[in-house]
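Just below is one structure, and these are the notes that go with it.
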Protein chains: 2
Amino acid sequence: MISLVGFSQCVPHSQAIGQWKNPEDQFSEGYRQLESWCHIAKTLEKGLVDGFFLADIHGIYDVYGNSRDAAHRYAVQTPGVDPMLLTSAMANVTTHLGFINTYSTTFHAPYECARAFSSLDHFTNGRIGWNIVTSYTHSAEANGIGKMLNHDKRYDRADEFMDVVYKLWESSWEKDAVIQDVEKDAHTDPCKVHEINHIGEHFSVKGPHMCEPSIQRTPVLFQAGASKRGSEFGTKHAEGIFMEYPRFFEDAEFMTNKISKLRKQVSEHGREPHSVKIMMAITPIVAPSEKEALEKETWLKQFNSPEGHLALFGGHTGIDLEGLDYDTPIENINLEGMQHIALKWKGKTITQMLSQRPPTCVGSTKQVVDRMEELISYGVDGFVVHPMIQPQSHEDLVNLIIPELQKRKLFRTKYDHSTLRGNLLGSEDGLSDSNHPSAKYRP
Amino acid sequence: MISLVGFSQCVPHSQAIGQWKNPEDQFSEGYRQLESWCHIAKTLEKGLVDGFFLADIHGIYDVYGNSRDAAHRYAVQTPGVDPMLLTSAMANVTTHLGFINTYSTTFHAPYECARAFSSLDHFTNGRIGWNIVTSYTHSAEANGIGKMLNHDKRYDRADEFMDVVYKLWESSWEKDAVIQDVEKDAHTDPCKVHEINHIGEHFSVKGPHMCEPSIQRTPVLFQAGASKRGSEFGTKHAEGIFMEYPRFFEDAEFMTNKISKLRKQVSEHGREPHSVKIMMAITPIVAPSEKEALEKETWLKQFNSPEGHLALFGGHTGIDLEGLDYDTPIENINLEGMQHIALKWKGKTITQMLSQRPPTCVGSTKQVVDRMEELISYGVDGFVVHPMIQPQSHEDLVNLIIPELQKRKLFRTKYDHSTLRGNLLGSEDGLSDSNHPSAKYRP
């Protein structure tokens, strides 16, 4: 059985830049309306999807043209709202769907982080996940929400951050701390609530945690860092690793190797290699027939904003491609940081790279699911499904792709658990695996 | 017409310490369940109440006996969850009720604060309020969530904090910045989104704000600071001031003077004296007849935890009354900080003080509303109604007190506006008053 996670971001569009012009898309306004989000959540739950993952950024992309103009003009992940604050509305209209929130270890204190996720785990009855990010926008520092550390330092700090939150979630409140003994006038046994007394390089946190234990205690952890240090961090902590789509798709060997390497890294951390779900981002353009899918692609791509995609590229990579002829071959671009990108796009021009933004997977239901099966054969455990337009792309996932996956016995036909960790990883009690680093703090 | 705000906190009990033992109370578990909160929100909206105010603390009270044991044992505002994260669920099942969240200027960055409230104002269609606190628990500092400044310094910092968030809310995005011009491929006009470039003593925030303008822009502001500096801050910024109940109730002159003084302070800030709603906390124990109300009081008071109230007292005042005989007259307690409290409780013992925790207002519907009318005659604009048990106390407000207030033409019979600022203050467009300090940043 594979895992499926729906994807979005609380902005008009996360990756499909320009679709706000599409008259069928409802999220240019809908991104800030509870009703629209609740509709997606109910749709994904109807499809028995594991969880709904909401990305997040803090700041506005301003690398392209050394300005935030293109980000505003093309609505490149701006304007936005805070996805954490949305979760309880969606949780209240669903019973099984998980919610994966993006939360930065750079911009928040671990004590607050622990409270936020425990609260949401209570509100959702054990359906919360955390996409751990260390954050990369320099504009965030200018806005006074955290000191920008260099890449590896950020991960060192994040490692200590995880230690603090594990202690708060796993060891601060014993499972029978809340006794509610009316005769003795004792709600909580103080002897079973412990300070954590963490003193480290980056954090000093006395504790105890403010929240009584929630079902999952530690939320289900996700991570997407592709760098050496990021991958070291992810294979240690994450229970779900998000991978990007484009290049791997064309290169089976590269991808198989990459996945084996990740699993090896996981086991070097003393964990079962398959206790981590490796999930690939995919942006389907799907229809019952191939012809309809290709027409849909043509229709969708007319709304694309190429310059908006360059603003997003600039935000992600720190590389400013402004002023270059779109026919320039990628490998001829002599800018710092481009060497790595040129490898991926050998022989391609800027226009050709842009035509794959976002990196769609186009075809009939059968064709798309065939490709998913191919990716599964390379070792992928599941998919993070990105929308082209909302809410329709989520409906396509549920009405077209999932029934086909179910027909091929690749996806569940009912939820087997009530927690996110149960559905995603088979955990019976909702708690993290005994080899997970959080478990060493559990008495 | 008076204003009414429901009150709670995301803990088993905020003030009615011990009621978790009451078999009728549902919030020992309910405080962490969306369904329970949504029921209260719907109840308050049925009663046409202005808003639902959720208090919050960061940390666990540990002054009494120099330990957190009593706080745990008697469930004194612990365990808890984060009320901000609850708002969208309640907003999604209501259309007119406002939501007043407590948020600390000491523990958060203004840029994040601005995003959080703008997000909630979008999600609620203009129904969000902010109870501004500067925070006082020392345990919070030990948990690494902010440096504890001395009292006046906290307010100085809070003043600058307000300047930053006003700039983000009011001046960063012009009202026609989002143009959604499909022909020109322009979602937002970058020329109409401005950096704020704030550089001050406590904060450096470049901006722009991440969110497009919400209906109210600046949330409706509330404050409860009773100190000289707190009251200076409150009369400058707040649109609703929360006052405590007990002493004033017995002393009409003291109260009338206090309120006149507040209104005078408001006008010294260049604001209309009545543009601020002065709201008194009240904890009714009400029933159709006086006899039933007195029986209800006896029944409720049996669940009281006196020592728990002393733990709460310690948390609020920093004064540890552990080990004292409960028959000790308050004025004989020779501890730092007690002079001020002894004035309020002249001639009373600890037992007598405790018997008024929480400070209830007991009587038949008619008697309770008579008392409310008396308080109104002293200059109060409305009430923050605290529950003894949940959800029943909120139902008593809606089913008993409000119909009587309506009969006396003291309370609305329908909502006249869709925003919190509209219902509470009569604002037609949802924006703050032109004399409010936020308005000077509005172009």
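Hydrogens, waters and symmetry mates play no part in the numbers below; they use all other heavy atoms, side chains included. First the proteins, then the strands, lettered A, B, ... as listed; each starts at 1.
For a residue to count as touching a neighbouring chain, one of its non-hydrogen atoms must lie under 4.5 Å from one of that chain's; by this rule B:Val164 does not touch chain A. Of the atoms belonging to A:Glu307, not a single heavy atom falls under 4.5 Å from chain B. Only the side chain of B:His108 has a heavy atom closer than 4.5 Å to any heavy atom of chain A. Looking at A:Ala91, both its backbone and its side chain come within 4.5 Å of chain B, counting heavy atoms on both sides. Proximity to chain B is absent for every atom of A:Val11, based on heavy atoms less than 4.5 angstrom apart. Of the two parts of A:Cys191, neither the backbone nor the side chain holds a non-hydrogen atom closer than 4.5 Å to a non-hydrogen atom of chain B. Looking at B:Ser305, both its backbone and its side chain come within 4.5 Å of chain A, counting heavy atoms on both sides. For B:Phe123, the parts sitting under 4.5 Å from any heavy atom of chain A are the backbone and the side chain alike. Interface remark: B:Pro12 contributes side-chain atoms only to the contact with chain A (heavy atom separation under 4.5 Å). If you measure heavy-atom distances from A:Glu29 to chain B, the contacts under 4.5 Å come from the side chain alone.
Annotation for B:Ala311 and B:Ala71: closest pair CB-N, 4.3 Å, computed over non-hydrogen atoms. Counting all heavy atoms, side chain and backbone alike, B:Met210 lies closest to A:Gly59 at SD-N, 3.2 Å. B:Asn304 approaches B:His309 most closely through the heavy-atom pair OD1-NE2, 3.0 Å.
Highest contact tally toward chain B, considering only A:Val178, A:Asp181, A:Thr124, is held by A:Asp181 [criterion: heavy-atom pairs under 4.5 Å]. Put simply, of B:Gly308, B:Ser204, B:Ser119, the one with the most heavy-atom pairs under 4.5 Å next to chain A is B:Ser119. Contact count versus chain B (heavy atoms, under 4.5 Å) is highest, among A:Glu195, A:Met84, A:His122, A:His198, for A:His122. In terms of heavy-atom pairs under 4.5 angstrom with chain B, the leader among A:Thr78, A:Val205, A:Val182, A:Asn143 is A:Asn143. Between chain A and the residues B:Glu112, B:Lys21, B:Arg73, the most heavy-atom pairs under 4.5 angstrom are made by B:Arg73. By number of non-hydrogen pairs under 4.5 angstrom with chain B, the leading residue of A:Arg115, A:Lys206, A:His209, A:Gln33 is A:Arg115. Most heavy-atom pairs under 4.5 Å with chain A: of the set B:Gly18, B:Ala109, B:Pro208, B:Gly144, this distinction falls to B:Pro208. Note: A:Ser28 leads A:Ala70, A:Ser28, A:Ser67 in heavy-atom pairs under 4.5 Å with chain B. Between chain B and the residues A:Asn92, A:Thr87, A:Ile179, the largest count of heavy-atom pairs under 4.5 Å involves A:Asn92.
Counting non-hydrogen atoms of other residues, nucleotides and ligands closer than 6.0 Å to CD of A:Glu322 gives a total above 12. By the 6.0 Å contact criterion, CD on B:Gln180 is enclosed, its count of non-hydrogen atoms from other residues, nucleotides or ligands being greater than 12.
We find that A:Lys192 and A:Asp176 are joined by a salt bridge, their nearest charged nitrogen and carboxylate oxygen being less than 4.0 Å apart. One finds a salt bridge joining B:Arg32 and A:Glu212 here, because a Lys/Arg side-chain nitrogen approaches an Asp/Glu carboxylate oxygen to under 4.0 Å.
Contact of the B:Leu86 side chain with the B:Cys10 side chain is registered, since non-hydrogen atoms from C-beta on lie closer than 4.5 Å.
Side-chain atoms of A:Ser118 and A:Ser214 include no donor-acceptor pair closer than 3.5 Å.
Distance alone, capped at 3.5 Å, places no donor-acceptor pair between the A:Thr188 side chain and the A:Pro190 backbone.
In this structure, B:Trp37 and B:Phe27 have perpendicular ring planes: the angle between them is above 60°, well past the 30° mark. The aromatic rings of A:Phe161 and A:Trp130 sit tilted, their planes meeting at an angle between 30° and 60°.
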